[in-house]
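These notes are about the structure you will find just below.
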Amino acid sequence: MVNHSSPVDFLLLGFSEHPGLERILFVVVLISYLLTLVGNTLIILLSVLDPRLHSPMYFFLSNLSFLDLCFTTSCVPQMLVNLWGPRKTITFLGCSVQLFIFLFLGTTECILLTVMAFDRYVAVCQPLRYATIIHPGLCRQLAAVAWVTGLVQSIVQTPPTLRMPFCTHRQIDDFLCEVPSLIQLSCGDTTFNEILLAVFSIIFVVVPLSLILASYGAIARAVLRINSKGRKKAFGTCSSHLMVVTIFYSSGTSVYLQSKNPYAQRRSKFFGLLYAVGTPSLNPLIYTLRNKEVKRALRRLLGKDRDSRES
């Protein structure tokens, strides 16, 4: 039986077979969401209000924080409702909006992390030319490219995904309306959608990740040629971004490049939670705890570092 009509509700199964686990996940997701709201809002405020953070690195970081705020807000409230009570439905319109936003912002983050890697590459490998190459105009252009690319990709991939003939049971074996889980829900031929998913995964996941790794390979070679003091400083400027890239891509690829066996699908649910909820909450913690400039800016904002020196 195949349902060709689109205006229906879907059931987001999640971990409904383990009610006790759902209550634990509810608490974890709620805390992560609150950390995401507070941490990313704080980074945006610091980047805007503190003149010493008016640099390309923090311009891109504030873009990433705004993106994470939108990313989690598009899915976490619905997820909390489904985890807490017996009602686990989402309307077709809600699922469509969630899918569009996820594709839009997920692709944007892939491009934005690549741009941030390029910024770190120029800072470490071309320090004398950094201000000339990474000027404010180029920063705005690169950020615009990331956002527009994500929007175009979502506009292209969302309609074919929503036009698939979905099975009448309407049960999505996931927490969210994402392309892989909706393909699994289809009872028709999904060859075109699987090819489209594979092509976009290569273009917007594999290629950006390859560019990031190439950038850090060049950074590593440059760092090995400088003295130990400069090496420590160069490592400090790149380690936070590298940690974010590792968490984001390891979880994202586990969701979008998963195999079809049941074990991989169950495992992808946990990675999907990390991808959608964990990463946005960890980003501000990683950048603030490992970044002296952000910590000094926070103390200045709170009036605890009037002489602008590290205590």
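Bear in mind that the values here come from a model prediction, so they are computed numbers and not experimental data.
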Is there a side-chain contact between [X] and [Y], using heavy atoms and a 4.5 Å cut-off?
X	Y	value
F100	I155	yes
L13	K88	no
V76	V29	yes
C110	T114	no
N82	F175	no
Y33	T73	yes
H54	F59	no
F66	S62	no

Set out, in order, the CA-CA distance, both residues' side-chain angles and the distance that settles side-chain contact (heavy atoms from CB on, under 4.5 Å) for I134 and C139, then state yes or no. CA-CA 7 Å; I134 310 295; C139 292; 3.6 Å; yes
Shortest non-hydrogen separation from [X] to [Y] and the atoms involved:
X	Y	answer
Q171	L185	O-CD1, 3.4 Å
H169	L11	O-CD1, 4.3 Å
P208	I202	CD-O, 4.5 Å
T91	D9	CA-OD1, 3.3 Å
Q98	L176	OE1-CA, 3.4 Å
Q153	T107	OE1-OG1, 3.0 Å

Calculate, to the nearest 0.5 Å, the distance between atoms [atom1] and [atom2] belonging to [X] and [Y] respectively.
X	Y	atom1	atom2	answer
E194	S201	CD	OG	11.5 Å
L197	T190	CG	OG1	10.0 Å
S186	I183	OG	CD1	8.5 Å
M116	L142	CE	CG	12.0 Å
I90	L99	CD1	CG	10.0 Å
I212	I219	CD1	CD1	10.5 Å

No-hydrogen, no-angle side-chain donor-acceptor test under 3.5 Å, Y130 and D119: yes
Walk me through it: do L113 and F248 pass the test side-chain contact (heavy atoms from CB on, under 4.5 Å)? CA-CA 10 Å; L113 289 174; F248 176 78; 3.6 Å; yes
Of all pairs that satisfy salt bridge (charged side-chain N to carboxylate O under 4.0 Å, His left out), the ones with a partner from residues 273-282, not counting sequence neighbours: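 Not a single pair qualifies under salt bridge (charged side-chain N to carboxylate O under 4.0 Å, His left out).
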State yes or no: do [X] and [Y] share one hydrophobic cluster built from I, L, V, M, F, W and Y residues joined by side-chain heavy-atom distances below 4.5 Å, directly or via other members?
X	Y	result
L242	L112	yes
V244	V38	no
W84	V81	no
V145	L64	no
I203	L196	yes

Kindly say whether C177 contributes a backbone atom to a donor-acceptor pair with the side chain of S181 at under 3.5 angstrom?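 Here the side-chain-to-backbone pair does not exist.
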Measure from the side-chain N and O atoms of D50 to the backbone N and O of L46, and report whether any donor-acceptor pair falls under 3.5 Å.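 No: the side chain of D50 does not pair with the backbone of L46.
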Apply the test side-chain contact (heavy atoms from CB on, under 4.5 Å) to residues W147 and L67: give CA-CA distance (whole Å), side-chain angles for both, the deciding distance (0.1 Å), then the verdict. CA-CA 9 Å; W147 287 95; L67 186 152; 3.9 Å; yes
With sequence neighbours excluded, give me every ring pair (Phe, Tyr, Trp, His ring centres under 6.0 Å) pair touching residues 176-215.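 Applying ring pair (Phe, Tyr, Trp, His ring centres under 6.0 Å) to every pair that reaches into residues 176-215, excluding sequence neighbours, yields F200-F204.
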With sequence neighbours excluded, tell me which residues meet side chain to side chain contact (heavy atoms under 4.5 Å, CB included) with T191. D189, I195
Fit a plane to each ring of F166 and F10, take the angle between them on a 0 to 90° scale, and name the class: parallel (under 30°), tilted (30 to 60°) or perpendicular (over 60°).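 F166 and F10: perpendicular rings.
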Chi angles and distances behind the ring-ring contact (aromatic ring centres under 6.0 Å, His included) call for Y216, Y121: CA-CA 7 Å; Y216 277 102; Y121 163 76; 9.7 Å; no
Derivation and outcome, side-chain contact (heavy atoms from CB on, under 4.5 Å), residues T161 and Q157: CA-CA 7 Å; T161 303; Q157 192 171 6; 4.1 Å; yes
